[in-house]
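This report refers to the structure that appears directly beneath it.
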2 protein chains.
Amino acid sequence: MRDTFGSILRVGIVGYGNLGKGVELAIKQNPDMELVAVFTRRQPSDIGSEAQVVSITEMENFKDKIDVMVLCGGSSQDLPEQVLEVSKLFNTVDSFDTHAKIPEYFAKVDENTKAHNTLSLISTGWDPGLFSLARLIGQSVLPEGEDYTFWGKGLSQGHSDAVRRVAGVKGGVQYTIPIDNALERVRSGENPELTTAEKHQRVCYIVPEEGADLSEIETAIKTMPHYFADYETIVNFISEEELKAEHSTMPHGGIVFRSGKTGNGTKQRIEFSLALESNPEFTASVLVAYTRAVGKMAKQGQTGARTVLDVPLAYLSSKSDEELRRTLL
Amino acid sequence: MRDTFGSILRVGIVGYGNLGKGVELAIKQNPDMELVAVFTRRQPSDIGSEAQVVSITEMENFKDKIDVMVLCGGSSQDLPEQVLEVSKLFNTVDSFDTHAKIPEYFAKVDENTKAHNTLSLISTGWDPGLFSLARLIGQSVLPEGEDYTFWGKGLSQGHSDAVRRVAGVKGGVQYTIPIDNALERVRSGENPELTTAEKHQRVCYIVPEEGADLSEIETAIKTMPHYFADYETIVNFISEEELKAEHSTMPHGGIVFRSGKTGNGTKQRIEFSLALESNPEFTASVLVAYTRAVGKMAKQGQTGARTVLDVPLAYLSSKSDEELRRTLL
C-alpha cells in the first residue's frame with residue numbers, strides 16, 4: 001500500500017454523521033488532500049455527500065485507491081469494532097474518546113495494525129487531542145505545578161440527552177460553563193484544589209410540554225444524581241421557537257492551565273484555550289490535520305498504533321520543513 | 001558517545017548568565033537529570049553555581065561524562081560560534097532567537113553535527129519555541145484563518161537599554177503591553193489587520209538624573225525611531241528606590257491566536273498564552289524539557305540539527321508512553 005501515496009493524499013471517510021460531514025468540509029480547505037469516497041452502513045443514496053458514497057461492505061475494492069481512512073463513528077458502539085476491521089486494509093485516524101478505555105483500545109489497534117502493516121492514529125480531536133498536548137507541554141516544562149482543565153462554554157450532548165428524558169420535558173439543551181471565580185483563582189497562581197463541580201456551572205434551556213409542572217421539572221433536573229445534583233444548576237424555560245432559533249448550534253471549548261513554579265517560587269502560567277462555534281467541525285479539522293501526519297508517517301513505512309503524543313508537529317502541516325523553520329520559528 | 005547514556009541524563013551548561021542560572025534551577029526540578037558541570041569563559045572561581053565549574057577550554061575532558069550540553073550564551077555574539085565548537089563533541093540544545101538568521105544557523109549546525117555524529121536542537125524557548133508550536137497547530141488545524149502574536153505584559157531588554165541611553169536618564173525599564181482593544185477585536189473573530197504598533201503599548205518607568213529636564217527626556221523617548229516613534233508610548237518618572245523595589249524582576253509572556261473558519265463560515269479560535277514572572281527561568285525550563293528530548297533522540301542514534309517542530313511531544317516527558325496515554329489522553 002505504501003508505494004501508492006502520491007502528491008495528493010487520498011482520503012476516505014467511514015461514517016457520515018456530524019463528524020463525517022465536518023471531515024468532508026475540512027478536506028476541502030486542504031488542497032493537498034482529496035476525498036475519494038464516503039463509506040456508510042446506510043443506503044448510499046440516503047447520504048448527502050458531494051463525494052462518491054459507497055456501502056461499507058465494498059470497502060475492500062478501495063484498497064489501492066485510499067491512503068488514509070478517517071473513522072467518524074461513535075466511541076461507544078462503532079469505533080472499537082470498526083477500527084479493527086478497517087485497519088486490516090487501510091491506515092486510519094479516529095477520535096476514540098472513552099478516556100478510561102484508551103489503553104486497552106491502543107493495545108488492540110497496535111497488535112492489529114502491526115499484523116497488517118498499517119498505521120492507526122487513535123484518539124485525536126481536542127480532548128483527547130490538542131488538550132492532551134497542552135497538558136503534556138505544561139507538565140514537562142513546569143514539573144512543579146498543577147493542571148486544570150475547564151470545559152465550555154459548550155453544549156454537552158450527554159447532559160442534553162439527560163434533561164430531555166425528564167418527564168414533562170419536550171425539548172432542551174444543557175450548556176457547561178466555567179465558573180469565573182474558579183478561573184480567577186487559577187489565574188492568580190493560588191493553585192486551589194477544585195472538583196469538576198466547583199469549576200463548572202450547568203445551565204439548561206428547557207421547552208416544557210403543555211401543562212407540565214415547571215417546578216417539578218426543575219427539581220427533577222437539579223436533583224439528578226451524577227449529572228446535576230453536585231453542580232450549581234440553572235434551569236431556564238423557553239419556547240420551542242427560541243430553542244430552535246438560539247440553541248441549535250453546537251458550540252464548545254475550554255481551557256487547559258498549567259500553573260507552576262520555577263527557581264525559588266517564581267510563578268509561571270501556561271494557558272491553552274479553544275472557543276468553538278462548532279464542536280464537530282473543529283474536531284473534524286483536527287482529525288484532518290492528523291490524517292496528513294498519518295499519510296507522511298505511513299509513507300516512511302511506519303506501522304502500529306500512535307497517538308497525538310507521538311507525532312512531530314511538523315507532520316501536521318502541508319508546508320516543507322524549510323518553510324516552517326523560516327516562517328514559524 | 002551514544003552508548004554512555006544511563007538512566008540519569010547527564011547535563012552540562014555552557015555560559016552562566018540569567019539563562020544558565022535558570023537551567024541549573026530547572027534541572028533540580030527534574031530528578032531524571034543531573035548537572036555535571038558548568039562551563040565558563042570567566043574565572044571558574046567567580047561563578048556562584050552549586051555544580052562543578054570548569055573553564056570552557058577544558059570541555060573536551062568531559063566528552064564521556066556529559067550526554068547533552070545546554071548552550072546559554074547570547075544569540076548575537078556567543079551562539080553562532082559556540083554551537084559549532086561544542087557540537088563537535090556533544091549533543092546540544094540552544095535558544096538561538098535571531099529569527100531571520102535561523103535558516104542559515106540550522107544549515108550550519110546540521111552540517112556540523114552530521115559530520116561529528118552529534119544531535120543539536122536549536123532555537124527553543126518560548127518564542128521561538130512553544131509559540132512556534134502554537135502557530136503550527138493553529139495553521140494546520142485551521143488553514144483558513146489568521147495568526148496573531150501579542151507580546152507582554154513584559155520587560156523588553158532591548159527597549160530598556162534604549163531608554164537608558166537617553167541623555168538625562170539615570171535608570172529605567174520598558175514594558176511591552178498588549179492593547180486591550182486589539183485583543184478584543186481578535187477575540188471577536190473580526191480578523192483585523194494589525195501592525196505590531198497597533199497591538200502593543202510601550203510603558204516606560206524612568207529615573208531622571210538630578211536636574212534633568214523631564215519633558216526633554218519624554219520627547220526624546222517618544223520620538224525615538226524604530227523603538228518608540230510608531231507606538232503609543234507612556235513615560236512615567238519614578239525614584240531610584242521605586243525602580244529597585246518594583247521593577248527589578250523580568251516578567252514576560254504573550255498570546256498566540258489562530259482565528260479561523262471551518263465549514264460554511266463557522267468561527268473557531270485557538271489561543272495559547274503565557275504569563276511569566278521570570279522570563280529567563282521559564283525559557284530555561286523549556287530548554288531543560290527539550291534537553292530530555294535530545295537525550296532520547298540521541299540514544300536512538302539520531303544525528304543532525306532539529307527544531308521543536310521535529311520533536312514528538314512525548315519526548316519532553318520523563319514518563320513512559322503507557323503512563324502518558326493513561327493520564328493525558
Side-chain angles (χ1 to χ4, degrees), chain A residues 22 25-26 29-30 99 102-103 106 123 128 130 132-137 139-144 187 249 253 262-264 266-278 281-282 284-286 288-289 292 307-314 316-319 321-322 324-326 328-329, chain B residues 22 25-26 29-30 99 102-103 106 123 128 130 132-137 139-144 187 249 253 262-264 266-278 281-282 284-286 288-289 292 307-314 316-319 321-322 324-326 328-329:
Chain A
L25 291 167
Q29 293 188 322
N30 289 281
H99 295 263
I102 286 174
F106 181 91
S123 301
L130 301 188
S132 314
L133 298 181
R135 289 184 198 112
L136 177 51
I137 290 173
Q139 292 181 7
S140 303
V141 171
L142 299 174
E144 294 182 11
R187 289 206 176 104
T249 60
T262 58
N264 301 310
T266 314
K267 287 181 188 175
Q268 316 275 20
R269 192 177 78 239
I270 305 174
E271 204 171 321
F272 180 79
S273 69
L274 298 172
L276 313 174
E277 279 190 357
S278 165
E281 282 184 14
F282 186 80
S285 295
V286 178
V288 167
R292 178 183 291 118
T307 75
V308 296
L309 311 175
D310 305 312
V311 179
L313 292 178
L316 302 183
S317 177
S318 62
K319 294 177 184 162
D321 288 350
E322 291 73 21
L324 292 176
R325 284 195 293 270
R326 193 169 48 73
L328 295 180
L329 290 175
Chain B
L25 292 167
Q29 294 187 322
N30 290 281
H99 296 262
I102 287 176
F106 181 91
S123 300
L130 301 188
S132 313
L133 298 182
R135 289 182 198 113
L136 176 51
I137 289 173
Q139 291 181 7
S140 303
V141 171
L142 298 173
E144 293 182 10
R187 289 206 175 103
T249 60
T262 58
N264 300 310
T266 314
K267 287 182 187 174
Q268 317 274 20
R269 190 176 81 241
I270 304 174
E271 204 170 322
F272 180 79
S273 68
L274 298 172
L276 312 174
E277 278 190 359
S278 165
E281 283 185 13
F282 186 81
S285 294
V286 178
V288 167
R292 179 182 291 117
T307 75
V308 296
L309 311 176
D310 304 313
V311 179
L313 292 178
L316 301 182
S317 176
S318 62
K319 294 177 183 161
D321 287 350
E322 290 73 21
L324 292 176
R325 283 195 293 269
R326 194 169 47 75
L328 295 180
L329 290 176

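Note on naming: letters A, B, ... go to the chains in the order of the sequence lines (proteins, then strands), and numbering restarts at 1 for each one. We use all heavy atoms of the structure for the numbers below, so side chains are in, but hydrogens, waters and symmetry mates are not.
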Let me confirm one number: the [atom1]-[atom2] distance from [X] to [Y], rounded to the nearest 0.5 Å.
| X | Y | atom1 | atom2 | value |
| --- | --- | --- | --- | --- |
| B:K267 | A:L276 | NZ | CG | 13.5 Å |
| B:T266 | A:E281 | OG1 | CD | 3.5 Å |
| A:L309 | B:R325 | CG | CZ | 8.5 Å |

Is the backbone of [Y] close enough, under 3.5 Å, to the side chain of [X] for a donor and an acceptor to pair up by distance?
| X | Y | value |
| --- | --- | --- |
| B:E271 | A:F272 | no |
| A:R135 | B:L328 | yes |
| A:S285 | B:L142 | no |

B:L133/A:I137 under side chain to side chain contact (heavy atoms under 4.5 Å, CB included): CA gap, chis, key distance, verdict: CA-CA 10 Å; B:L133 298 182; A:I137 290 173; 4.1 Å; yes
Side chains of [X] and [Y], heavy atoms from C-beta outward: is any pair under 4.5 Å?
| X | Y | value |
| --- | --- | --- |
| B:S278 | A:Q268 | yes |
| B:L324 | A:L136 | yes |
| B:L313 | A:V308 | no |

Residue B:V286 versus chain A: region with a heavy atom under 4.5 Å: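 Both backbone and side chain.
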Under 4.5 Å from a heavy atom of chain A, the part of B:F106 involved: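 Contact with chain A: side chain only.
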Heavy atoms only: give me the nearest [X]-[Y] pair and the separation to one decimal.
| X | Y | value |
| --- | --- | --- |
| B:V141 | A:A289 | CG2-CB, 4.3 Å |
| A:L329 | B:P128 | C-CB, 3.5 Å |
| A:Q29 | B:G263 | NE2-N, 4.3 Å |

Leading residue by heavy atom contact count with chain A [cutoff under 4.5 Å; candidates B:T249, B:N264, B:L274, B:N30]: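 Result: the option with the highest number of such pairs is B:L274.
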With A:R326 via salt bridge (Lys or Arg N to Asp or Glu O under 4.0 Å) - residues at least two apart: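 Listed in chain order: nothing, the list is empty.
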Contact origin within A:T262 toward chain B - heavy atom pairs under 4.5 Å: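 It is both, since atoms from each part get that close.
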Proximity breakdown for A:A275 and chain B, heavy-atom pairs closer than 4.5 Å: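 The answer is both parts of A:A275.
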All side chain to side chain donor-acceptor pair (under 3.5 Å) counterparts of A:Q139, not counting sequence neighbours: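 A:Q139: side chain to side chain donor-acceptor pair (under 3.5 Å) contacts with A:D147, B:K319.
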Among the listed options A:L130, A:I270, A:V311, A:L25, the residue most often paired with chain B at heavy-atom distances under 4.5 Å: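 Result: the option with the highest number of such pairs is A:I270.
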Max heavy-atom pair count under 4.5 Å with chain B, selected residue of A:S140, A:A134, A:S317, A:G253: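 Answer, by heavy-atom pair count under 4.5 Å with chain B: A:S140.
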